[in-house]
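On a predicted model such as this, the values are computed, not experimentally measured, just so you know.
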Amino acid sequence: MSVKDNFTPEEWDKVLSGPATAAAAILAASPSGLTGIIAEGITTVKAMKELAEASSAPLLQAIAASLKPEDQERHREERPRFKSFEEAKNAMLERLRSAFWLVQTKATPEDLAAYQQYVVGVAERVAQAAKEGGFLGIGGEQVSRAEKDTLKEIRATVGLQG
């Protein structure tokens, strides 16, 4: 029996989307220009794949297998429209909370700890993917105050402090 079998298909989609949801919260917290958004999007996909494949935790191995194009069964859901970036960020944190709750209730303690680190690891990489502020790549900061604050919220959402 696979770890994935502990979840319904809808639940598995939520668990799979947890790291991307955390990344979307980072993007909404401090929107970059077009090149920054592209860099952060590419980093999201790359970090999800690399961090899942590098883990020996069964849950993350199942996630890594589900991220392979030939194994993906994507359910396209209608994307909600938000009135502000703050509303989008809060919605993403709520979705992450739901995904984390599923892992917390249906996975082993080892898998839970790995998932916590996985979600935070993806979010941290995305926060560092593009400079915030400045002009034409000059000046600005690697991780903005809003991104740092959102990283703290993500850590708290998945039960990690600091």
Side-chain angles (χ1 to χ4, degrees), residues 12-57 59-77 79-82 84-100 102-103 111-162:
W12 186 246
D13 283 346
K14 279 187 182 180
V15 170
L16 270 180
S17 71
T21 300
I26 295 292
L27 269 78
S30 183
S32 302
L34 181 59
T35 56
I37 291 171
I38 291 169
E40 290 171 339
I42 291 169
T43 299
T44 299
V45 174
K46 187 175 179 183
M48 286 178 63
K49 184 176 186 297
E50 287 176 358
L51 294 174
E53 288 176 349
S55 177
S56 62
L59 178 67
L60 268 58
Q61 288 296 301
I63 288 172
S66 293
L67 293 175
K68 294 178 182 171
E70 64 272 13
D71 294 334
Q72 286 187 359
E73 297 174 21
R74 286 280 162 214
H75 302 283
R76 296 282 177 204
E77 59 185 61
R79 296 179 191 250
R81 298 209 185 266
F82 302 106
S84 69
F85 286 116
E86 185 67 22
E87 181 184 354
K89 181 187 93 165
N90 291 335
M92 294 303 106
L93 290 172
E94 190 56 40
R95 288 183 69 177
L96 175 59
R97 191 170 287 107
S98 176
F100 177 68
L102 287 167
V103 174
D111 283 333
L112 175 62
Y115 190 77
Q116 289 169 308
Q117 294 301 321
Y118 177 54
V119 168
V120 170
V122 170
E124 287 174 341
R125 284 196 187 182
V126 171
Q128 295 170 2
K131 277 189 173 183
E132 305 299 323
F135 181 71
L136 297 175
I138 300 168
E141 55 191 335
Q142 198 62 44
V143 180
S144 71
R145 168 59 38 210
E147 288 174 327
K148 288 175 186 174
D149 291 345
T150 302
L151 283 168
K152 284 176 100 172
E153 290 180 82
I154 290 168
R155 284 186 190 96
T157 299
V158 298
L160 295 177
Q161 301 306 316

What closest approach, in Å, do [X] and [Y] show between heavy atoms, and which atom pair accounts for it?
| X | Y | value |
| --- | --- | --- |
| Ala99 | Tyr115 | CB-OH, 3.8 Å |
| Ser66 | Trp12 | OG-NE1, 3.0 Å |
| Met48 | Leu67 | O-CD1, 3.8 Å |
| Val119 | Ala22 | CG1-CB, 3.8 Å |
| Asp111 | Leu59 | OD1-N, 2.9 Å |
| Val122 | Thr44 | CG1-O, 4.4 Å |

[X] side, atom [atom1]; [Y] side, atom [atom2] - distance, nearest 0.5 Å:
| X | Y | atom1 | atom2 | result |
| --- | --- | --- | --- | --- |
| Ile63 | Glu53 | CD1 | CD | 12.0 Å |
| Thr157 | Arg95 | OG1 | CZ | 14.0 Å |
| Lys152 | Leu160 | NZ | CG | 14.0 Å |
| Lys14 | Thr21 | NZ | OG1 | 10.5 Å |

Practice prompt. Output all residues satisfying salt bridge (Lys or Arg N to Asp or Glu O under 4.0 Å) with Lys148, sequence neighbours left out; order by chain, then residue number.
Written response: none
Worksheet entry | Results of side-chain contact (heavy atoms from CB on, under 4.5 Å) for Ile38 - residues two or more places apart only | Leu34, Ile42
Can you give me every donor-acceptor pair (side chain of residues 87-94, partner residue at least two apart or in another chain, under 3.5 Å) with its distance?
unit_1 : atom_1 : unit_2 : atom_2 : d
Glu87  : OE1    : Lys83  : N      : 2.8
Lys89  : NZ     : Glu153 : OE2    : 2.7
Asn90  : ND2    : Glu86  : O      : 3.3
Glu94  : OE1    : Arg97  : NH1    : 2.7

Item to complete: Give every residue pair that meets the salt bridge (Lys or Arg N to Asp or Glu O under 4.0 Å) criterion with at least one member in residues 119-130, sequence neighbours excluded.
Response: Glu50-Arg125, Glu124-Arg155
Practice prompt. Would you mind listing every salt bridge (Lys or Arg N to Asp or Glu O under 4.0 Å) that reaches into residues 112-122, with sequence neighbours excluded?
Written response: none
Check: [Y] main-chain N/O paired with [X] side-chain donor or acceptor under 3.5 Å:
| X | Y | value |
| --- | --- | --- |
| Glu40 | Ala127 | no |
| Ser17 | Ala20 | no |
| Tyr118 | Ala113 | no |

Fill in: CA sep, side-chain torsions, deciding dist, call: Leu151, Val120, side chain to side chain contact (heavy atoms under 4.5 Å, CB included)
CA-CA 7 Å; Leu151 283 168; Val120 170; 5.6 Å; no
Discussion item. Run Phe85 and Leu27 through side chain to side chain contact (heavy atoms under 4.5 Å, CB included) and show every step you take.
Written reply: CA-CA 9 Å; Phe85 286 116; Leu27 269 78; over 6 Å; no
